[in-house]
S.K.: 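The structure follows.
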Amino acid sequence: RVFVFPASDHIDTGEVLAEVIYQFYRVHLPREIRVAFDFERRHEIAHLLADRLGRPVRIVVRGEKPEKVTAMLALARTKLDVELEKIKPVISLPALKRELKSRFGLRKTPARIEAFDAAHISGSFAAAGMSVWKNGELSAGEYREKLSDLSGEIATLREFVSERFASRPVPLPELVLVDGGTSHLNAVLEVLADRHLAISVVGAVKPQGAHSEISHFVTSGGKRIEFDYSSAAMRLLKVLRDEAHELANAAHRKSRDMAHFYELAAVLPSLNEKERQELLTRFGTIANIVKLDRHEIANVVEATKLPAVINDLEDHRSGRSSPVVPLIVPIRFDDPNGKAGDLRPIPASRISRRTK
């Protein structure tokens, strides 16, 4: 991604880099971040990110260690992207809307675009995300994310889009962007047809082996439109696709990182968490609990709950247990120097009572 700042003699490039890195890694963190030059707050930012996301990270200056070709190319490409961004003409909002309409053959000039992405998770779950662009701005307050127990991306995408258009609490978009090719596109078109909605749909197709890029777009009429980096309209759609993709991946990461806390709940759903933890403290591991026979269980579980617990263990041993999907609670953070746009919103539809 390219971040551009107004030119000024007073801008400290090292401080800008520190702030970009600190604000960018809000919901995920790699093991290592590589930068083209050293800056004063490099180690401080690494410690702040580690505290925020609970895992260590190194911010490495190019040349400090042997580099793979891919890392060198990535740094060079980032520099070229920045240079390209500097020379691009600024496009007005009306001109951007006209380009969107003409480039993609839309029925209406778009004032609102919604982008959808679904990601498969380790063969058992899937996640989906939705981003929104509205009259020239990303509408982060309307972003959505969802975990699904469906087995595939297409099914998850269909379910997610269907839920979005089941009720209409917000204005409908003039354009729907979906991350994927013809099969993903057709899944969305089927949902819209069932809802009797005439909305233009475009698919963003990734090149082979490059999941962060876009090779071309495909329209509902089967037209292929090659990605053109000089097009402001296409760059906008790429940003929207990236936002939806990040939301889906964030739901995936949060689920994966918390999954081990829910493993025992899937084994013994008939007990409450306190009772499960007492068993875990007594027997040491989940594997030991699963091996308990009826007599051993009777010594540690109330008689009224004994039949249900025995059934739980039998279901787990035979593979009939239902997996437990971790509850994801988005958390706002306070930053005295932050802005509202830096925060991940908590969708009102997912809040059952006032929370802090």
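When a residue number appears, it is its place in the shown sequence, counting from 1.
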S.K.: Side chain of Asp312, backbone of Ser270: donor and acceptor closer than 3.5 Å?
M.R.: yes

S.K.: Side chain to side chain contact (heavy atoms under 4.5 Å, CB included) for Glu213 and Lys238? Distances and angles first, verdict last.
M.R.: CA-CA 8 Å; Glu213 302 297 327; Lys238 184 178 184 301; 3.9 Å; yes

S.K.: Contact between Phe283 and Val300 at the side-chain level, heavy atoms closer than 4.5 Å - yes or no?
M.R.: yes

S.K.: Do Val309 and Leu271 have side chains that get closer than 4.5 Å, going by heavy atoms?
M.R.: yes

S.K.: Please report the shortest heavy-atom distance between Val201 and Val178, naming the atom on each side.
M.R.: CG1-CG1, 4.3 Å

S.K.: In the structure I gave you, are the side-chain heavy atoms of His184 and Leu157 within less than 4.5 Å of one another anywhere?
M.R.: yes

S.K.: Looking at every non-hydrogen atom in both residues, tell me the closest pair between Val35 and Ile59 and how far apart they are.
M.R.: CG1-CG2, 4.0 Å

S.K.: State plainly whether the residues Arg112 and Glu114 are in salt-bridge range, i.e. N to O under 4.0 Å.
M.R.: yes

S.K.: Has Arg31 got a side-chain atom pairing as donor or acceptor with Val57's backbone, closer than 3.5 angstrom?
M.R.: no

S.K.: Using atom types as modelled and distance alone, determine if a side-chain donor or acceptor of Arg144 lies under 3.5 Å from a backbone N or O of Phe160.
M.R.: no

S.K.: Are side-chain heavy atoms of Ser162 and Arg195 found at a separation under 4.5 Å?
M.R.: yes

S.K.: Considering all heavy atoms of both residues, which atom of Leu53 and which atom of Tyr25 are nearest to each other, and what is their separation?
M.R.: CD1-O, 3.6 Å

S.K.: Just to verify, which of Lys97, Lys101, Arg103 counts as forming a salt bridge (charged side-chain N to carboxylate O under 4.0 Å, His left out) with Glu99?
M.R.: Arg103

S.K.: Could you grab the distance from atom CZ of Arg235 to atom OG of Ser230, nearest 0.5 Å is fine?
M.R.: 7.5 Å

S.K.: Do the side chains of Arg107 and Glu174 get close enough for a salt bridge, i.e. N-O under 4.0 angstrom?
M.R.: no

S.K.: Within a strict 4.5 Å, meaning less than it, do heavy atoms of the Val218 and Arg224 side chains meet?
M.R.: no

S.K.: Looking at side-chain heavy atoms only, is the closest gap between Glu153 and Thr156 below 4.5 Å?
M.R.: no

S.K.: Any idea which heavy atoms bring Ala204 and Asp179 closest together, and the distance?
M.R.: O-OD1, 3.3 Å

S.K.: With side chain to side chain contact (heavy atoms under 4.5 Å, CB included) as the test, would you mind laying out the steps for Ile225 and Lys223 before giving the verdict?
M.R.: CA-CA 6 Å; Ile225 304 173; Lys223 182 180 178 181; 4.2 Å; yes

S.K.: CG of Leu192 to OG of Ser220: how many Å apart, nearest 0.5 Å?
M.R.: 10.0 Å

S.K.: Do you know the tightest heavy-atom contact between Pro30 and Arg55?
M.R.: C-NH2, 4.2 Å

S.K.: Looking only at atom types and distance, does a side-chain atom of Thr219 sit under 3.5 Å from a main-chain N or O of Val202, one as donor and one as acceptor?
M.R.: no

S.K.: Cationic tip of Arg52 within the cone over Tyr22's six-membered ring, i.e. under 6.0 Å and within 45° of the normal?
M.R.: yes

S.K.: Between Arg34 and Glu32, is there a salt bridge with N-O shorter than 4.0 Å?
M.R.: yes

S.K.: Roughly how far, to the nearest 0.5 Å, is CD1 of Ile154 from OG of Ser183?
M.R.: 4.0 Å

S.K.: Give the intermediate values and the outcome of side chain to side chain contact (heavy atoms under 4.5 Å, CB included) for residues Leu237 and Phe227.
M.R.: CA-CA 10 Å; Leu237 295 189; Phe227 184 80; over 6 Å; no

S.K.: A side-chain contact here means heavy atoms from C-beta on lying under 4.5 Å apart; do Tyr143 and Leu138 qualify?
M.R.: yes

S.K.: Shortest non-hydrogen contact from Thr285 to Leu280?
M.R.: C-CD1, 3.7 Å

S.K.: As an exercise, state the distance from CD1 of Ile113 to CD1 of Ile199, rounded to the nearest 0.5 Å.
M.R.: 12.5 Å

S.K.: Decide, yes or no, whether a salt bridge links Glu190 with Arg158 under the criterion of side-chain N to carboxylate O below 4.0 Å.
M.R.: yes

S.K.: When rounded to the nearest 0.5 angstrom, what is the spacing between CG in Leu177 and CE in Met130?
M.R.: 12.5 Å

S.K.: Could you tell me whether Arg294 and Glu296 have a side-chain N and a carboxylate O separated by less than 4.0 Å?
M.R.: no

S.K.: Decide if atom CD of Glu226 counts as having more than 12 heavy atoms of other residues, nucleotides or ligands within a radius under 6.0 Å.
M.R.: yes

S.K.: Check Lys146 with Glu163, please: is the shortest side-chain N to carboxylate O separation under 4.0 Å?
M.R.: yes

S.K.: Output yes when Glu314 and Arg320 qualify as a salt bridge under the 4.0 Å nitrogen-oxygen rule, no when they do not.
M.R.: no

S.K.: How are the rings of Phe165 and Phe116 set relative to one another: parallel (under 30°), tilted (30 to 60°) or perpendicular (over 60°)?
M.R.: tilted

S.K.: Give, for atom CZ of Arg26 and atom CG of Leu49, the distance between the pair rounded to the nearest 0.5 Å.
M.R.: 12.0 Å

S.K.: Determine, step by step, whether Val267 and Leu264 satisfy the side chain to side chain contact (heavy atoms under 4.5 Å, CB included) criterion, reporting the C-alpha distance in whole Å, the side-chain angles of both residues, the deciding distance to 0.1 Å, and the verdict.
M.R.: CA-CA 5 Å; Val267 176; Leu264 189 55; 4.3 Å; yes

S.K.: Can you check whether Lys274's main-chain N or O pairs, donor with acceptor, with Gln277's side chain at less than 3.5 Å?
M.R.: no

S.K.: Would you kindly say whether Ser139 and Glu142 are connected by a side-chain donor-acceptor distance under 3.5 Å?
M.R.: yes

S.K.: Check for a donor-acceptor pair, side chain of Arg276 on one end and backbone N or O of Leu268 on the other, with a separation under 3.5 Å.
M.R.: yes

S.K.: If we only count heavy atoms from C-beta on, is the Phe24 to Ile33 side-chain gap below 4.5 Å?
M.R.: no

